[in-house]
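To start, the structure under review is shown below, and the notes come after it.
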Number of protein chains: 2
Amino acid sequence: MTDQTDYVPPKVWAWNPGNGGQFANINRPTSGATHEKELPVGEHPLQLYSLATPNGQKVTILLEELLAAGHPGAEYDAWLIRINEGDQFGSGFVAINPNSKIPALVDRSGPAPIRVFESGAILVYLAEKFGAFLPTDPAKRAETLSWLFWQMSAGPFLGGGFGHFYAYAPTKIEYAIDRYAMEVKRQLDVLDKRLADHRFLVGDDYTIADMAVWPWYGGLVQGKIYGDSAEFLQVADYKNLRRWTDEIAARPAVQRGRIVNRATGDPAEQLRERHDASDFELRTQDKLEPAA
Amino acid sequence: MTDQTDYVPPKVWAWNPGNGGQFANINRPTSGATHEKELPVGEHPLQLYSLATPNGQKVTILLEELLAAGHPGAEYDAWLIRINEGDQFGSGFVAINPNSKIPALVDRSGPAPIRVFESGAILVYLAEKFGAFLPTDPAKRAETLSWLFWQMSAGPFLGGGFGHFYAYAPTKIEYAIDRYAMEVKRQLDVLDKRLADHRFLVGDDYTIADMAVWPWYGGLVQGKIYGDSAEFLQVADYKNLRRWTDEIAARPAVQRGRIVNRATGDPAEQLRERHDASDFELRTQDKLEPAA
């Protein structure tokens with residue numbers, strides 16, 4: 001290894017704000033609001049405050065799938081939370097997610113607003129509310145929950161671990177990259193073996209487990225996250241996972257959901273806010289007919 | 001920083017089996033069974049295959065709480081999975097959890113066995129099966145799911161991140177320790193602020209969210225995990241979290257649940273397998289009346 005050190009941790013940890021790599025400006029050892037700021041509220045029952053990271057995409061994909069499946073109660077306003085500008089530390093956002101992470105949802109369809117935070121909790125909440133994409137058969141439901149929670153506990157090794165040390169940390173630390181590359185390869189193999197003889201993670205049913213896993217592991221297989229990590233991790237080897245990734249990527253609701261609250265990159269893949277189904281068409285029109 | 005390196009990752013990652021620190025022998029870049037081994041099956045409807053890590057404790061605490069609350073259908077056999085000896089790679093275990101992690105559960109009460117893996121999924125499955133510790137009121141249910149999923153996505157930063165780099169990695173890497181110490185401090189502050197004006201995470205109701213969070217963050221506050229990390233992270237500062245930790249620690253079901261499938265440390269805190277409620281008393285008797 002090239003990262004042998006003689007570092008000895010102090011008795012008591014102390015914060016060095018300069019020591020965080022990319023995103024250092026939004027990471028802190030404390031929680032809570034840093035400034036007063038109310039959240040906007042639109043006309044629909046569901047108000048989503050998010051960003052098109054893989055965790056954000058999970059929820060917008062489910063919402064678009066619900067609408068496509070004929071659940072008009074799933075109409076939503078999607079508001080942009082710019083995490084690099086600290087929107088998640090505004091008082092209004094902290095009131096609906098004390099953990100200051102996207103996505104966060106408020107359901108205003110009942111007598112009092114209900115808040116839900118953590119992408120996995122939002123998926124279960126919406127799936128139960130509309131009775132869709134979460135089987136009620138006990139065995140299938142157990143399998144869906146197992147794979148959903150699998151993603152929630154595996155994801156931090158991909159995102160907070162591999163992605164951070166491979167793409168964002170200020171130096172390349174061999175031990176850390178090696179640790180997380182091995183774990184992500186193992187996770188990819190878990191998925192690939194499962195999908196060798198199952199169309200979707202739970203079987204024949206397309207569920208919220210697929211919607212949770214696809215933005216992360218499908219994104220990795222498609223080469224959409226963490227630079228050249230697709231080659232580094234040799235993702236082409238996972239043929240069953242690629243087949244599943246492509247099948248889900250072809251779904252119109254997924255194609256809509258993945259661009260909601262996206263504010264960077266290719267303008268054709270951006271829909272910064274979503275307030276109506278027609279917003280997707282307007283976006284295309286804007287692209288085809290730029291303002292004179 | 002003392003861990004500046006000139007390491008340049010290769011184009012394609014390659015496994016170096018010697019490069020893993022403690023637990024290197026059980027971490028691999030592939031999944032699946034390494035050997036044929038059936039799992040034992042006891043007489044109760046619920047068969048648990050686990051170890052008393054924080055993730056394992058979540059489930060045994062819930063099972064003991066369910067029994068204490070008058071749900072005899074929650075009787076269970078708890079079998080020891082020695083992860084340092086590779087039990088999780090046996091064919092029988094992989095068949096119930098293709099991810100090869102503890103805990104894993106098989107419910108044999110119905111016409112066909114149902115498998116559930118991931119501690120969070122098992123908590124939801126059992127809470128729904130017995131109608132306990134997961135509120136049905138929509139707002140409370142949403143809050144329970146939010147905090148439950150919060151633990152699932154926060155935990156890997158405490159366990160796989162902070163714990164690994166602070167206690168287990170072969171060298172002390174300042175950047176990694178610093179990164180994860182800051183995040184764990186933030187998580188502790190999130191909990192402490194929430195518990196400042198709520199008895200339990202969801203409010204007045206003791207739920208599976210508390211049972212998921214307590215073994216990790218309560219364990220940290222009690223100084224039970226990762227050596228002297230309680231001092232390093234100054235956990236004594238989080239007074240509301242300590243109050244909550246102590247209240248839950250005093251529950252008899254928690255005191256039983258946390259020692260099930262424990263195979264190391266103080267013999268008074270070990271119950272390697274659990275097959276009957278009387279196993280707890282027998283353990284105490286053994287201690288009081290050692291064999292002549």
Side-chain angles (χ1 to χ4, degrees), chain A residues 1-9 11-13 15-16 19 27-32 98-99 110 112 114-118 120-121 124-125 138-139 142 145-146 149-150 152-153 155-157 160-161 169 171-179 181-182 185-186 189-190 193-194 231-234, chain B residues 1-9 11-13 15-16 19-20 27-32 98-99 110 112 114-118 120-121 124-125 138-139 142 145-146 149-150 152-153 155-157 160-161 169 171-178 181-182 185-186 189-190 193-194 231-234:
Chain A
M1 290 192 298
T2 57
D3 42 45
Q4 292 283 350
T5 77
D6 55 2
Y7 171 63
V8 178
K11 283 277 183 194
V12 176
W13 179 79
W15 186 28
N16 175 357
N19 195 4
N27 287 327
R28 302 175 300 156
T30 55
S31 67
N99 194 47
I114 293 175
R115 75 176 189 183
V116 201
F117 56 93
E118 286 291 329
V124 173
Y125 179 85
L145 291 172
S146 294
F149 276 98
W150 176 86
M152 296 297 287
S153 66
F157 288 85
T171 61
K172 302 295 184 207
I173 301 172
E174 180 175 9
Y175 176 81
I177 291 172
D178 203 48
R179 164 176 169 74
M182 178 169 67
K185 292 277 288 181
R186 190 191 68 79
D189 195 46
V190 167
K193 285 191 167 76
R194 174 67 184 173
E231 181 182 2
F232 186 65
L233 298 173
Q234 295 284 285
Chain B
M1 289 193 297
T2 57
D3 42 43
Q4 292 284 346
T5 75
D6 54 3
Y7 171 64
V8 178
K11 283 278 182 193
V12 176
W13 179 80
W15 187 26
N16 175 357
N19 195 5
N27 287 327
R28 302 175 300 154
T30 54
S31 67
N99 194 47
I114 293 176
R115 75 177 190 182
V116 200
F117 57 92
E118 286 290 329
V124 173
Y125 179 85
L145 291 172
S146 295
F149 276 98
W150 177 86
M152 295 298 286
S153 65
F157 288 85
T171 62
K172 302 294 184 204
I173 301 172
E174 181 176 8
Y175 176 81
I177 291 172
D178 204 48
M182 177 169 67
K185 292 277 287 181
R186 191 192 67 80
D189 195 45
V190 167
K193 283 192 167 76
R194 174 69 184 173
E231 181 182 3
F232 186 66
L233 298 173
Q234 295 284 285

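Just so you know, these numbers use all the heavy atoms, side chains as well, and skip hydrogens, waters and symmetry mates. The chains referred to below are lettered A, B, ... by the order of the sequence lines, with proteins before strands, and numbering in each begins at 1.
- Ranked by heavy-atom pairs shorter than 4.5 Å toward chain A, the options B/Gly120, B/Gly110, B/Ala142 are led by B/Gly120.
- A distance of 8.5 Å separates CG in A/Asp189 from CZ in B/Arg28, rounded to the nearest 0.5 Å.
- Each of A/Val124, A/Ile114, A/Asn99 has some count of heavy-atom pairs under 4.5 Å with chain B, and the biggest count is that of A/Asn99.
- Contact tally against chain A (heavy-atom pairs below 4.5 Å) for B/Pro156, B/Pro9, B/Pro29: the top residue is B/Pro29.
- With sequence neighbours excluded, the residues satisfying side-chain contact (heavy atoms from CB on, under 4.5 Å) with A/Ala181 are A/Phe162, A/Phe232, A/Leu233, B/Trp13.
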Exercise. Please walk me through it: do B/Ile173 and A/Tyr175 pass side-chain contact (heavy atoms from CB on, under 4.5 Å)?
Worked result: CA-CA 9 Å; B/Ile173 301 172; A/Tyr175 176 81; 3.8 Å; yes
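- Atom OH of B/Tyr7 sits about 4.5 Å away from atom CD of A/Glu174, to the nearest 0.5 Å.
- B/Lys193 is not listed as a side-chain neighbour of A/Pro98, based on a closest heavy-atom distance of 4.5 Å or more.
- Residue B/Arg115 touches chain A through both its backbone and its side chain, counting heavy-atom pairs closer than 4.5 Å.
- A search for side-chain contact (heavy atoms from CB on, under 4.5 Å) contacts involving B/Glu231 returns A/Lys11, A/Val12, B/Gln234, not counting sequence neighbours.
- The CE atom of B/Met152 sits 4.5 Å away from the OG atom of A/Ser153 when rounded to the nearest 0.5 Å.
- Both the backbone and the side chain of B/Leu145 come within contact range of chain A, with heavy atoms under 4.5 Å apart.
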